Number of protein chains: 2
Amino acid sequence: MLSKKTQYALKALEYLVAHYNQGPVLISEIAEKKHIPLKFLENILLELRHHDILDSKKGKGGGYMLRTEPEKTSLANVIRIVEGPIAMLPCVSLYFYQPCESCDQTQCRIHDLFIEARDAILNVLENKTLADLRQTALV
Amino acid sequence: MLSKKTQYALKALEYLVAHYNQGPVLISEIAEKKHIPLKFLENILLELRHHDILDSKKGKGGGYMLRTEPEKTSLANVIRIVEGPIAMLPCVSLYFYQPCESCDQTQCRIHDLFIEARDAILNVLENKTLADLRQTALV
DNA sequence: GGAGAATTCCATTTGCAAGTGGTAATTACC
DNA sequence: GGTAATTACCACTTGCAAATGGAATTCTCC
Ligand code: SF4
Ligand code: SF4
């Protein structure tokens, strides 16, 4: 399971995508509409800003907005920033690789199985972007 | 990422598969060979026994063993017991479904995306069993 | 039936994610 | 320049997973 933090991040981004190019959005507005604890959401959005996913503006009329077009940011990218590894095991992670002590990879079947699982997940998450979070128009 | 607990469980099961039909295996032996904290491993193996994955024998000559043939137990099954949900979101879990408050699934794109991710993962984990953890013979 | 070997069970500590609170810094507007 | 609105930052609390400690139970073997 993704951490709560990541789930909140995704929801917030969904909201920001829906309001893309409509000016800054208040943290409090996102928090209320998406039922996210306000102060926790502050931390999350700030982290996304530091990683250039979001941009912000202080003071009256300020708020948060996407930094680039939604198509430019993959879900995998977002999850790696907020959650960390996407792989289910440390030793099959592409960006956070870490073997367990005294690893003999040639004798470890677990490794191979979770490489498969990782590739299956990445095949989905690398190919979806924030644009895929945009809500379809009402009929 | 899978929790440490689940990672330990998988490693322990790998060891038990390798010694399938060779009589009971000591917890302490598994802990030492697989570098797992002894007391923590106790809890994990006990939980697996309560869920009929493992069997145990007390006293001298006792220990843990698989309850059935390795082919009978899928990795998905093991993970659900030790870790809980396999899906990345509560609302796309088959066995642990839980929506967030005020869910409007028709308007939520996140949901659909993670259904895809879930199916990709399950396609791997449901079709692998403990038998796939058996080490290939040395050449 | 007693001694030793092993699992089982329960209670506690530790460490980190989740969540909260308060203050500083920045900006817009009059 | 003063005031209100907003993000930014820092420090703390809470809750749960991870890990540990110790005593109870069951079994084997002599
Ligand atoms: S022993 Fe197996 S699971 Fe551990 S790091 Fe090596 S390959 Fe990965
Ligand atoms: S709002 Fe979306 S993410 Fe939340 S429970 Fe409903 S479908 Fe799932």
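Everything quoted here is computed from the prediction, not taken from an experiment. Sequence lines set the chain letters: A, B, ... in the order given, protein chains first and strands last, and positions in each chain run from 1.
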- Query: Partners of A:Asn21 by side chain to side chain donor-acceptor pair (under 3.5 Å), sequence neighbours excluded?
  - Reply: none
- Using side chain to side chain donor-acceptor pair (under 3.5 Å) as the criterion, list what pairs up with B:Gln98, not counting sequence neighbours. none
- Task: Measure the distance from CE on A:Met65 to C1' on C:dT27 and round it to the nearest whole Å.
- Result: 12 Å
- Taking DNA chain D as the partner, which of residues 15-31 of chain B come within under 4.0 angstrom of it by heavy atom? none
- d(CD, A:Glu47; P, D:dC9) in whole Å: 12 Å
- Rounding to a whole Å, what distance do you find between B:His35:NE2 and D:dA18:C1'? 19 Å
- Message: Under the rule for salt bridge (Lys or Arg N to Asp or Glu O under 4.0 Å), what residues qualify as partners of A:Lys11, not counting sequence neighbours?
- Response: none
- Reckon B:His50 has a side-chain N or O less than 4.0 Å from the OP1 or OP2 of C:dT7? no
- Message: On a heavy-atom basis, which atom in B:Ala117 and which in B:Met88 lie closest, and how many Å separate them?
- Response: CB-SD, 4.4 Å
- Query: Rounding to a whole Å, what distance do you find between B:Leu45:CG and C:dT7:C1'?
  - Reply: 10 Å
- Task: Calculate the interatomic distance between B:Glu83 atom CD and D:dC16 atom P; express it in whole Å.
- Result: 16 Å
- Task: With sequence neighbours excluded, give me every side chain to side chain donor-acceptor pair (under 3.5 Å) pair touching residues 71-89 of chain A.
- Result: A:Ser3-A:Glu83, A:Thr6-A:Glu83, A:Glu69-A:Lys72, A:Arg80-A:Glu126
- Task: Enumerate the residue pairs fulfilling side chain to side chain donor-acceptor pair (under 3.5 Å) with a member in residues 85-95 of chain B, sequence neighbours excluded, ordered by first and then second residue.
- Result: none
- Query: With the sugar-phosphate defined as primed atoms, P, OP1 and OP2, and the base as all remaining atoms, what B/S/- string results for nucleotides 19-30 of chain D, 5' to 3', for protein heavy atoms under 4.0 Å?
  - Reply: SBBB--BBBS--
Taking distance alone, no hydrogens or angles, what donor-acceptor pairs closer than 3.5 Å link side-chain atoms of residues 35-60 of chain A to residues at least two apart or in another chain?
{"residue": "A:His35", "atom": "ND1", "partner": "B:Ser102", "partner atom": "OG", "Å": "3.2"}
{"residue": "A:His35", "atom": "NE2", "partner": "B:Ser102", "partner atom": "OG", "Å": "3.4"}
{"residue": "A:Glu47", "atom": "OE1", "partner": "A:Lys5", "partner atom": "NZ", "Å": "3.0"}
{"residue": "A:His51", "atom": "ND1", "partner": "A:Glu47", "partner atom": "O", "Å": "3.0"}

- Item | Pairs involving residues 116-125 of chain A, ordered by first then second residue, that meet salt bridge (Lys or Arg N to Asp or Glu O under 4.0 Å) (sequence neighbours left out) | A:Glu116-B:Lys128
- Do the side-chain N or O atoms of B:Ser56 get closer than 4.0 angstrom to the phosphate oxygens (OP1, OP2) of C:dA6? no
- The reported gap from CZ in A:Arg134 to CG in A:Leu16 (rounded to nearest 0.5 angstrom) is 12.0 Å
- Taking atom P of D:dT7 as reference, at what distance in whole Å does atom CD1 of A:Ile44 sit? 14 Å
